[in-house]
Amino acid sequence: MNIRALIERELNEEQREAVLWTEGPILVFAGAGSGKTKTLTMRIAYLIEGLKINPTNILAVTFTNKAAYEMKSRVEKLLNRNIDYMWIGTFHSMCVRILRREIHHLGYKSNFSILDEEDSVKLISDAIKSLEIPKDYFSPKKIYREISWIKSRGKFVNDYIPHDNYEVNVKRIFKKYEEIKKEGNLLDFDDLINFVTKVLNKYDEVAHFYGDKFKFILVDEYQDINPSQHKLLKALTKYHKNIFVVGDDDQSIYRFRGSTYELMLSFKRDFKGTKVVYLSKNYRSTETIVNASKGLILFNKKREEKPLKSTKKGGEKIKVYAALNEIDEAMFVVRTIDELISKGISLNDIAILYRTNSQSRAFEDILIRSGIPYRIVGGIKFYQRKEIKDIISYLRLLLNYKDFLSLERVFSFPKRGIGKKTIERIKREITSGKDMIQAIESVIKETSQTKIKENLEKFKENFKKWETLKDSVFTLVETIIKDTNFRDNLEDERRENVDEFLSIVRDFIDRSNTENLDEFLSYISLITDADKIESTEKVTLMTVHAAKGLEFDTVFVVGLEEGLFPHFKSLASREDIEEERRLMYVAMTRAKERLFLTYALRRTIRGRPEFPEPSRFLNEIPGEYVENLGEYSSQEESKSQFVRGVSVREGERIRHEEFGYGIVIEVHSEANNPYIVVDFGEGNIKQLSLKYAPIRKE
DNA sequence: TCCACGGGCATTTTT
DNA sequence: TGCCCGTGGA
């Protein structure tokens with residue numbers, strides 16, 4: 001089908017406008033569920049098919065690999081041809097591609113390795129040690145965050161001006177960290193962005209080259225951009241202003257990682273003559289859900305006012321449930337899921353969203369007990385697992401033997417009887433300019449211990465063999481695993497992960513048509529397992545952050561309590577509260593048909609009982625869209641306890657001599673000191689010992 | 001070199 | 001309450 005006809009048929013007027021405006025900067029506010037990806041992909045298809053732009057002249061940038069894959073495959077479907085030569089990727093992957101060509105300008109070698117967060121923290125910890133600063137005062141993780149924050153502003157060490165003694169030390173650590181990285185030919189995530197900007201700004205011929213190459217630039221999720229990425233875009237658009245950005249400022253939820261949605265709001269001032277388009281039709285959620293979430297987000301002061309209307313009239317009211325505690329909350333959710341199943345709703349269409357990962361536990365317990373299959377998104381990531389990082393270290397080391405982090409990992413696992421001291425020696429040899437084989441040989445010569453000699457000799461032979469396999473990754477990985485007896489003494493789960501890694505290598509080869517180690521490593525360093533596909537029938541559990549961009553027929557947003565959602569760390573400033581509110585907005589707008597909100601009157605946090613207030617967000621949703629389900633409804637599951645001849649159950653009414661009538665929230669049958677928790681109304685909740693409390697049943 | 005124990009710490013986390 | 005990291009002994 002002709003692309004113009006397709007645009008005519010498939011898009012609404014606003015979307016069409018966003019697609020067809022191809023001269024100069026354009027800013028698109030795409031409200032939740034308004035067909036953002038459709039617009040974006042159609043625009044790319046139009047550039048290629050309608051305007052006959054060569055795909056190599058288009059750059060489309062996303063924040064996640066998943067979004068990039070999806071965009072690419074949807075464009076290919078529209079065009080009915082493959083567009084491998086077009087650059088569709090994340091900010092980071094695009095930067096890696098550029099840097100492999102250009103980083104020599106900055107005195108690095110093109111075979112640099114990429115550090116993940118854990119690696120960076122480790123290096124900072126090394127830096128602190130070498131500076132002999134007390135590390136209890138300077139936590140490596142905290143320092144990493146500070147350094148990363150500075151870099152996310154597009155700044156380098158020398159731009160950082162310390163204001164007090166603490167910051168003076170931060171700067172010293174920062175500087176050392178940069179030195180160590182340079183020495184090991186290592187780059188962290190932030191470097192990838194900043195280095196490209198630096199090259200572009202410093203070498204005009206490079207800026208010319210890429211400015212000329214990328215004649216059209218498209219950026220997805222623009223509300224999540226940080227200043228360093230913004231600087232990069234500025235550098236890329238030095239010679240033309242064909243930049244299309246799309247996003248929703250109300251869905252900006254990564255402020256803590258340096259994102260500033262203000263850059264979206266200021267885009268018009270930033271790029272002169274910007275065309276602004278609002279996608280205002282929500283095709284996803286019912287009118288009730290759209291209006292309710294709109295009502296909530298209006299409490300934010302700093303935002304772009306924009307129209308948003310549901311295309312689905314009416315809809316079920318949003319149900320609010322007040323649970324007694326996290327267990328009752330989970331039981332309510334599971335009971336409701338059971339009802340939905342009997343109505344024929346698929347488990348895949350149901351999601352449970354929470355603010356913090358620790359909340360998943362109660363839901364898991366109850367789901368397991370009820371035999372409802374579930375999947376948890378997030379948690380410990382595949383590529384963060386020790387065994388996986390260990391394998392990857394071998395690969396990294398093969399490509400960049402100055403990668404000291406990998407060197408340490410490689411010699412520490414599997415255990416070879418080679419310790420810290422020996423590793424230090426090898427490091428020193430490499431620093432003085434030797435390659436891996438030479439370095440090992442001279443350590444063998446130096447050492448007097450035969451055991452170490454033997455082990456090093458063996459490793460050297462293996463390493464030599466591996467080096468010949470750089471152009472067939474799969475065989476290489478298999479061989480490494482075999483040669484090092486990698487699988488031995490690994491628990492089943494870890495062993496399965498190793499197998500999973502092998503199939504990832506296979507997938508990569510099939511997908512990219514290359515068996516090259518360099519390419520595989522670039523790829524592997526920048527992916528997370530967000531794009532793992534699972535098709536079996538399961539309820540999805542995840543944080544609200546992880547749910548961004550997804551949609552479900554039925555959504556439960558749980559733990560709506562002051563201190564949890566909004567989180568207590570965000571209560572102090574208006575900006576932080578507004579971010580929490582956007583988070584709530586994202587959570588609500590994931591639902592297509594049904595939305596349930598729950599909170600608990602009592603919650604155990606780190607082993608301590610707390611009695612939180614219901615979240616302010618509940619009050620901010622216009623009442624007309626809400627139906628209150630009231631409190632407590634899980635009698636059949638409740639525990640009971642004998643009190644002086646009488647049994648007390650959760651949910652029962654009792655009378656206390658001093659406090660009057662109350663409802664039993666919890667029953668604890670601890671052998672020595674059985675106690676109950678009773679709600680006497682008006683926020684008066686008491687914990688009472690069954691041995692002594694003057695209570696009777698009514 | 002390796003393992004076991006205990007103190008400290010505890011949102012969210014696209015790459 | 002539970003996990004992670006660092007330390008100290010075998």
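Residue numbering restarts at 1 for every chain, and letters A, B, ... go by the order of the sequence lines.
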Nearest whole angstrom, please: distance from the C1' of B:dT15 to the CZ of A:Phe91. 12 Å

Apply side chain to side chain contact (heavy atoms under 4.5 Å, CB included) to A:Ile368 and list each qualifying residue two or more places apart in sequence or on a separate chain. A:Tyr374

Grab the OH-C1' distance between A:Tyr354 and B:dT13 for me, whole Å please. 14 Å

List in chain and number order the residues that pass side chain to side chain donor-acceptor pair (under 3.5 Å) with A:Glu562, two or more places apart in sequence or in another chain; answer none if no residue qualifies. A:Arg616

Taking only residues two or more places apart in sequence, or in another chain, which ones meet A:Arg428 in a side chain to side chain donor-acceptor pair (under 3.5 Å)? none

Quick one: list whatever passes side chain to side chain donor-acceptor pair (under 3.5 Å) with A:Glu221, sequence neighbours left out. A:Lys36, A:Gln223

B:dT12 and C:dC5: how far apart are their P atoms, nearest whole angstrom? 16 Å

Between C:dC5 atom P and A:Glu118 atom CD, what is the distance in whole Å? 8 Å

Please report, rounded to the nearest Å, how far the C1' atom of B:dT15 is from the CD atom of A:Gln384. 11 Å

Should the pair A:Arg511 and A:Tyr523 be classed as cation-pi, given the thresholds of under 6.0 Å to the six-membered ring centre and 45° from the axis? no

In whole Å, what is the span from the NZ atom of A:Lys386 to the P atom of C:dC5? 12 Å

Whole Å only: how far is the CG atom of A:Asp188 from the P atom of B:dT15? 16 Å

Using atom OH of A:Tyr144 as one end and atom P of B:dT15 as the other, report the distance to the nearest whole Å. 13 Å

Scan A:Glu221 against the nucleic acid and name what it touches under 4.0 Å (heavy atoms): base, sugar-phosphate only, or nothing. nothing

Give every pair of a protein N or O atom and an N or O atom of nucleotides 10-12 of chain B that lie under 3.5 Å apart, one pair per line with the distance.
residue: B:dT11; atom: O4'; partner: A:His567; partner atom: NE2; Å: 3.2
residue: B:dT11; atom: O2; partner: A:Arg355; partner atom: NH1; Å: 2.9
residue: B:dT11; atom: O2; partner: A:Arg355; partner atom: NH2; Å: 2.4
residue: B:dT12; atom: OP1; partner: A:Asn357; partner atom: N; Å: 2.9
residue: B:dT12; atom: OP1; partner: A:Asn357; partner atom: OD1; Å: 3.2
residue: B:dT12; atom: O4'; partner: A:Arg355; partner atom: NH2; Å: 3.0
residue: B:dT12; atom: N1; partner: A:Arg355; partner atom: NH2; Å: 3.4
residue: B:dT12; atom: O2; partner: A:Arg355; partner atom: NH2; Å: 2.5

Looking at B:dT14, C:dG2, B:dT15, which one has an atom nearest to any side-chain atom of A:Asp224? B:dT14

What's the CZ-C1' distance between A:Phe189 and B:dT15, to the nearest Å? 4 Å

Find out whether the Lys NZ or Arg CZ of A:Arg145 is both under 6.0 angstrom from the six-membered ring centre of A:Trp149 and within 45° of the ring's axis. no

Sequence neighbours excluded, the answer for side chain to side chain contact (heavy atoms under 4.5 Å, CB included) partners of A:Thr197 is A:Asn201, A:Lys231, A:Leu232, A:Ala235

Taking the minimum atom-to-atom distance to the side chain of A:Ser259, which one of B:dT14, B:dT15, C:dG2 wins? B:dT14

